[in-house]
Amino acid sequence: MKKIFLLAAIAVGGLTAAAQAIETPKCSQNWSIGVHGGVTTPLHGQAFFGSMRPLIGVSLDKQITPVFGAGVEGQFGINTSSWENRVHSYTAFDNSYVGAYGTVNLANLFCGYNGYVRPVEVEAVVGAGWGHDFQSDPVPDHNYFATKLGLNFNFNVSNDVTIAVSPSIVWDMSDANAEQSSCSYNANYATFNLQAGLIYHIGGHAFDIVQPYSQSQIDALNGQINDLRGQLEKANAYNNELANQNSNLNTQLQNCLNTPATVVTEVNETEYLNSVRFVFFKIGSSVITADQQPNVEMIAEFMKNNPESTVVIKGYASQDGNLDYNIKLAQNRANAVKTMLINKYKISADRITAEGEGIGHMFKEESWNRVSICTLNVNE
């Protein structure tokens with residue numbers, strides 16, 4: 001019955017593990033080291049508490065899947081009989097057990113594994129190994145094949161540290177001192193062990209759950225990846241093209257900035273002579289002198305002969321003197337021509353625009369820049 005139950009548990013565990021999409025860890029991962037301490041006593045045939053003595057142990061194991069693990073361990077019963085002057089072994093230990101074991105995580109077996117370590121877990125432990133009773137007068141050393149069955153109640157403090165409480169039974173399978181030895185489970189040749197252990201998990205002991213994909217899904221994802229790679233290549237090519245254009249434009253801009261500006265003025269000389277008149281002033285003055293009045297009269301005669309015409313008068317000053325003063329002087333020179341056209345020649349003010357342009361740079365001869373330039377416009 002025990003074998004049937006064990007086989008059924010293993011089968012269920014295999015199906016559960018197969019249903020999980022769990023990433024297979026590397027060989028160097030999911031190892032644990034433990035140190036254990038507790039008590040051991042004969043299971044039957046002797047005083048349970050009276051024969052109890054300390055037990056220490058170490059273990060090294062690897063969690064193969066979230067359900068199954070395997071390891072090796074050593075346990076040593078402390079020689080306390082000598083403290084009471086009873087029959088005892090000649091060493092510090094009464095007995096020892098060194099063996100291999102397998103574990104089944106019952107929590108993950110029956111409740112499934114969700115990718116996280118539970119705070120509390122229960123493991124079933126099955127093992128076998130070499131048992132040894134140390135010599136005590138008159139009993140000689142005794143070596144035997146031993147089997148082990150137990151439970152681990154694991155309290156996971158963190159992903160790296162576990163505190164385990166482990167009850168177990170170890171059987172001497174040789175029927176020691178029997179006339180004819182046979183491999184059997186005999187309670188008279190078994191010990192009950194109860195230990196508490198501190199276990200350190202190297203690199204943690206969780207397993208990564210991965211999403212399984214069918215081949216058609218993988219092919220579809222590969223197709224999407226290839227499409228994205230194609231789009232990326234096109235985007236990079238377009239990016240490079242824009243970068244080249246930008247570089248060329250920057251080169252052209254630098255060339256333009258480094259090339260002196262050339263101003264080309266195209267003047268229809270005939271139209272210019274017919275439509276523009278100059279009224280020159282003396283330095284620092286906005287008074288129209290007698291020699292310049294004929295120029296104003298020419299403007300007035302033109303505007304009288306062309307009633308729809310208008311005039312724009314722009315006053316200028318040379319660079320002599322203060323800037324603020326020259327700005328006012330340029331405006332006064334434009335106003336002087338406008339005032340004479342209105343007062344002396346009776347030209348309507350709404351046909352005249354007078355503007356001060358400040359310091360002029362039209363002529364190389366500086367004195368010529370003390371001027372009002374009058375531009376006549378004929379509205380047809």
Side-chain angles (χ1 to χ4, degrees), residues 241-380:
E241 183 180 349
L242 291 178
N244 291 333
Q245 293 179 8
N246 188 48
S247 178
N248 293 335
L249 289 173
N250 282 330
T251 301
Q252 295 175 21
L253 176 60
Q254 291 302 319
N255 292 337
C256 289
L257 293 175
N258 296 331
T259 302
T262 302
V263 179
V264 178
T265 304
E266 294 184 3
V267 179
N268 187 320
E269 198 168 313
T270 303
E271 288 297 326
Y272 185 76
L273 293 175
N274 288 336
S275 63
V276 178
R277 292 294 180 266
F278 299 92
V279 180
F280 293 97
F281 296 85
K282 293 186 178 297
I283 187 171
S285 174
S286 60
V287 177
I288 302 174
T289 58
D291 62 320
Q292 295 298 314
Q293 289 184 14
N295 294 333
V296 180
E297 184 176 355
M298 291 174 65
I299 298 169
E301 288 298 325
F302 180 89
M303 297 185 74
K304 288 178 180 180
N305 293 332
N306 298 276
E308 300 298 324
S309 64
T310 60
V311 65
V312 176
I313 305 168
K314 294 188 176 184
Y316 295 90
S318 63
Q319 298 186 55
D320 305 284
N322 180 270
L323 175 62
D324 292 337
Y325 174 76
N326 283 333
I327 291 174
K328 294 178 181 178
L329 183 60
Q331 183 65 54
N332 291 338
R333 285 171 175 171
N335 290 338
V337 177
K338 178 179 180 179
T339 301
M340 181 173 284
L341 288 172
I342 295 172
N343 294 339
K344 186 174 182 178
Y345 298 105
K346 310 303 179 184
I347 303 299
S348 176
D350 60 4
R351 298 172 63 191
I352 306 169
T353 301
E355 301 173 350
E357 296 295 325
I359 296 175
H361 301 281
M362 296 78 64
F363 304 103
K364 292 182 179 180
E365 181 62 38
E366 190 63 37
S367 62
W368 291 10
N369 290 315
R370 305 170 195 140
V371 63
S372 285
I373 300 177
C374 307
T375 303
L376 293 161
N377 301 303
V378 178
N379 298 322
E380 298 179 354

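From a predicted model like this one, the values you see are computed outputs, not experimental measurements. Hydrogens, waters and symmetry mates are skipped; everything else that's a heavy atom, side chains included, is used.
Shortest non-hydrogen contact noted between Val279 and Cys374 is CG2-SG, 4.4 Å. In plain terms, the two heavy atoms of Asn326 and Ser318 that are nearest each other are ND2-O, 3.3 Å. Across every non-hydrogen atom of Ser372 and Gly315, the tightest pair is OG-CA, 3.9 Å. Between Ala317 and Ala330 the shortest heavy-atom distance is N-CB, 4.0 Å. Nearest approach of Ile347 to Met303, heavy atoms of both residues: CG2-CE, 3.7 Å.
Within the 4.5 Å cutoff, no side-chain heavy atoms of Phe280 are placed close to those of Asp291. Side-chain contact check for Tyr345 versus Val296: some heavy-atom pair is nearer than 4.5 Å. Side-chain contact between Met362 and Ile373: present, with at least one pair of heavy atoms (C-beta onward) separated by less than 4.5 Å. Between Tyr316 and Ile359, the closest side-chain pair of non-hydrogen atoms is not below 4.5 Å. Residues Thr353 and Thr310 are not in side-chain contact: their nearest non-hydrogen atoms beyond the backbone lie 4.5 Å or more apart. A 4.5 Å side-chain heavy-atom check between Asn250 and Asn246 finds at least one atom pair inside the cut-off.
The OG atom of Ser367 sits 10.5 Å away from atom NZ of Lys282, with the distance rounded to the nearest 0.5 Å. Note: Leu249 CG to Leu242 CG = 10.5 Å, rounded to the nearest 0.5 Å. In this structure, CG on Leu253 lies 12.5 Å from CG on Asn248, to the nearest 0.5 angstrom. The line from CD of Gln293 to CG of Asn295 is 10.0 Å long, rounded to the nearest 0.5 Å. Interatomic distance, Ile352 CD1 to Ile342 CD1, rounded to the nearest 0.5 Å: 4.5 Å. Expressed to the nearest 0.5 Å, how far CG of Leu376 lies from CD1 of Ile313 amounts to 9.0 Å.
No side-chain donor-acceptor contact under 3.5 Å links Ser285 to the backbone of Phe281. In this structure, Glu366 contributes its side chain and Gln319 its backbone to a donor-acceptor pair below 3.5 Å. Formation of a donor-acceptor pair under 3.5 Å by the Ser247 side chain with backbone atoms of Ala243 is not found in this model. For the pair Tyr325 (side chain) and Gly284 (backbone), a donor-acceptor distance under 3.5 Å is present.
Listed by first and then second residue, the salt bridge (charged side-chain N to carboxylate O under 4.0 Å, His left out) pairs involving residues 316-343 are Asp320-Arg370 (not counting sequence neighbours). For the salt bridge (charged side-chain N to carboxylate O under 4.0 Å, His left out) condition, no pair includes a residue of residues 352-364, sequence neighbours left out. Counting only residues at least two apart or on different chains, no salt bridge (charged side-chain N to carboxylate O under 4.0 Å, His left out) pair has a member in residues 293-306.
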Q) Would Val337 and Val311 count as a side-chain contact (heavy atoms from CB on, under 4.5 Å) if you check the C-alpha gap in whole Å, the side-chain angles of each, and the deciding distance to 0.1 Å? A) CA-CA 11 Å; Val337 177; Val311 65; over 6 Å; no
Q | Residues Gln331, Asn335; criterion side-chain hydrogen bond (donor to acceptor under 3.5 Å, both in side chains); working and verdict | A | CA-CA 6 Å; Gln331 183 65 54; Asn335 290 338; 3.2 Å; yes
